[in-house]
Number of protein chains: 2
Amino acid sequence: MTAANEDTIANRISRILADRIVTGQLEPGAKLRQDHVAEEFGASHVPVREAFRKLEAQGLAVSEPRRGVRVASFDLKEVREVALMRAELEGLALRHAVPHLTASILEQAEEATFAGDNSRDVRSWEEANRRFHRLILTPCEMPRLLAAIDDLHAVSARFLFSAWRSEWEVRTDHDHRAILGFLRQRNTDNAVAVLERHVQWIGQKPVKGPTGSTRDAFAIVG
Amino acid sequence: MTAANEDTIANRISRILADRIVTGQLEPGAKLRQDHVAEEFGASHVPVREAFRKLEAQGLAVSEPRRGVRVASFDLKEVREVALMRAELEGLALRHAVPHLTASILEQAEEATFAGDNSRDVRSWEEANRRFHRLILTPCEMPRLLAAIDDLHAVSARFLFSAWRSEWEVRTDHDHRAILGFLRQRNTDNAVAVLERHVQWIGQKPVKGPTGSTRDAFAIVG
DNA sequence: GAATCACAAATTATCTATAATTTTATTCAC
DNA sequence: GTGAATAAAATTATAGATAATTTGTGATTC
């Protein structure tokens, strides 16, 4: 009965709000009013505030001292920044993960790649992509590094969803396959090189704005 | 009159506790009891909890769901992890900062190096060292990256204080001078290379334990 | 007549105080 | 000495009170 009671209410709220921000249900700049959120979750506003603090730390929300908290907005500059950080940190993680990679892990990563290629919507593609990256990076056994990468991944996913919200084109991920190939050969340098390029690849795509005009959206794809 | 009232008291508490953890006044594993902290700051426990959440995000405290929060402990493995992350991220920041570096900034950085060499205690050395790194990295204009580096710096400082708590030997920082030299020549690659090595240098030092026995302490020095 | 400044009301965040679970420590029985 | 049961302490959440900012209205000035 107290199965889901493992974590606090604040954490649960934080996770759900994070998901809404990442998937674009909550738009950049939207105000997060603690009383409304509290009422929705049938809780008081104190755990809501703690959830806000966590979102702030993850870079998904920004808080002005006595003026409340809003969903963080982002521009191309920030997309690039996150891509560069991910490239550096994922490269570091992979270098240290390689000695601990097993055939089983690589097989699971290949399955994840396959699942990504066959995804019919953004959400399932993102899930598969995340699984791939996590599988090959987790064995580095550096918890703080992995946590930092996870946060950056969430922000990347937000960019992704903002560009390809509804439509999604199926495509095969050649980079993932190349990385797996190099990993099987224990060719660390090349695997890391491809991964770092892969993560920095920023896609652009014309998107219909709310007024009907089109603008260029952008998103990290790797 | 409301000059210091710019930020919330949760932030103020968070900053002060962070400082105590970093300087070692609060030892690893020590329990942080919200009622005690609240009483000390003449506040209630709600802002204290928010401060705890921030410390948790910075990696200075760990919280178990219904069992309270403790000062984060650390081992050599984590010191290495933080050093590697700093190397990657500071390297990235420096590469993007170089085009925006001015003669004035480099001069201030040299003054910071000088101040570090003449420091007679750990605290003032750390302050000068931090100033140096911040000066040459800030012009990269990547706020998220700089925030991440700042958090890692705090953790590094914690390791430093834990090793050289009371005694401190004066020494000249050849790395800082080398970096400045390369930056003046606009030799980005060499400057970054030295910085990345510099940050990864982990010092060891025999330290008297509480029982009188000696053990090897360690600390990032750069 | 339009615009700007001042004042006031309402909305919203922040904090204090209080109550309810949960964990931990102590005691008593076996 | 070990186990369960009770008591104490601490964390988590709720409700209520306070302070600050925003927004709307009105008046005055250019």
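Numbered from 1 within each chain, the chains take letters A, B, ... in sequence-line order. Side chains included, hydrogens not; waters and symmetry mates left out as well; all remaining heavy atoms used.
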### Query
What about B:His45, does its side chain sit under 3.5 Å from the base of C:dC15 through a donor-acceptor pair?
no
### Message
Rounded to whole Å, how long is the line connecting atom CG of B:Asn11 with atom C1' of C:dC15?
### Response
14 Å
### Between CG on residue B:Leu160 and CH2 on residue B:Trp168, distance to nearest 0.5 Å
5.5 Å
### Message
Surrounding CD of A:Gln25 (heavy atoms of other residues, nucleotides or ligands, distance under 6.0 Å), is the total greater than 12?
### Response
yes
### Message
From CZ of B:Arg67 over to C1' of C:dT22, roughly how many Å is that when rounded to an integer?
### Response
11 Å
#### Entry: Atom-to-atom span, CD1 of A:Ile9 to P of C:dA20 - whole angstrom
16 Å
### Query
The side chain of B:Pro47 lies closest to which of these nucleotides: D:dT14, C:dC15, D:dA13?
C:dC15
### Whole-Å distance separating the CD atom of A:Glu50 from the P atom of D:dT14
11 Å
### Query
Between C:dA17, D:dT22, D:dT11, which nucleotide has the shortest distance from any of its atoms to the side chain of B:Val46?
C:dA17
### Message
If I take atom CZ in residue A:Arg66 and atom P in nucleotide C:dA13, what distance separates them, rounded to the nearest angstrom?
### Response
12 Å
### Message
Looking only at the aromatic ring of each residue, does the gap between the centers of A:His176 and A:His133 stay below 6.0 angstrom?
### Response
yes
### Task
Figure out the CD/C1' separation between B:Gln34 and D:dA9, and round it to whole Å.
12 Å
### Query
Could you give the CG-to-C1' distance, from B:Asp35 to C:dT23, as a whole number of Å?
15 Å
### Query
Is there a residue in residues 25-33 of chain A whose heavy atoms reach under 4.0 Å of DNA chain C, and which residues are they?
A:Leu32, A:Arg33
### Query
What's the CD-C1' distance between A:Glu39 and C:dT12, to the nearest Å?
14 Å
### Query
So does A:Thr8 get a side-chain nitrogen or oxygen closer than 4.0 Å to the phosphate oxygens (OP1/OP2) of D:dT11?
no
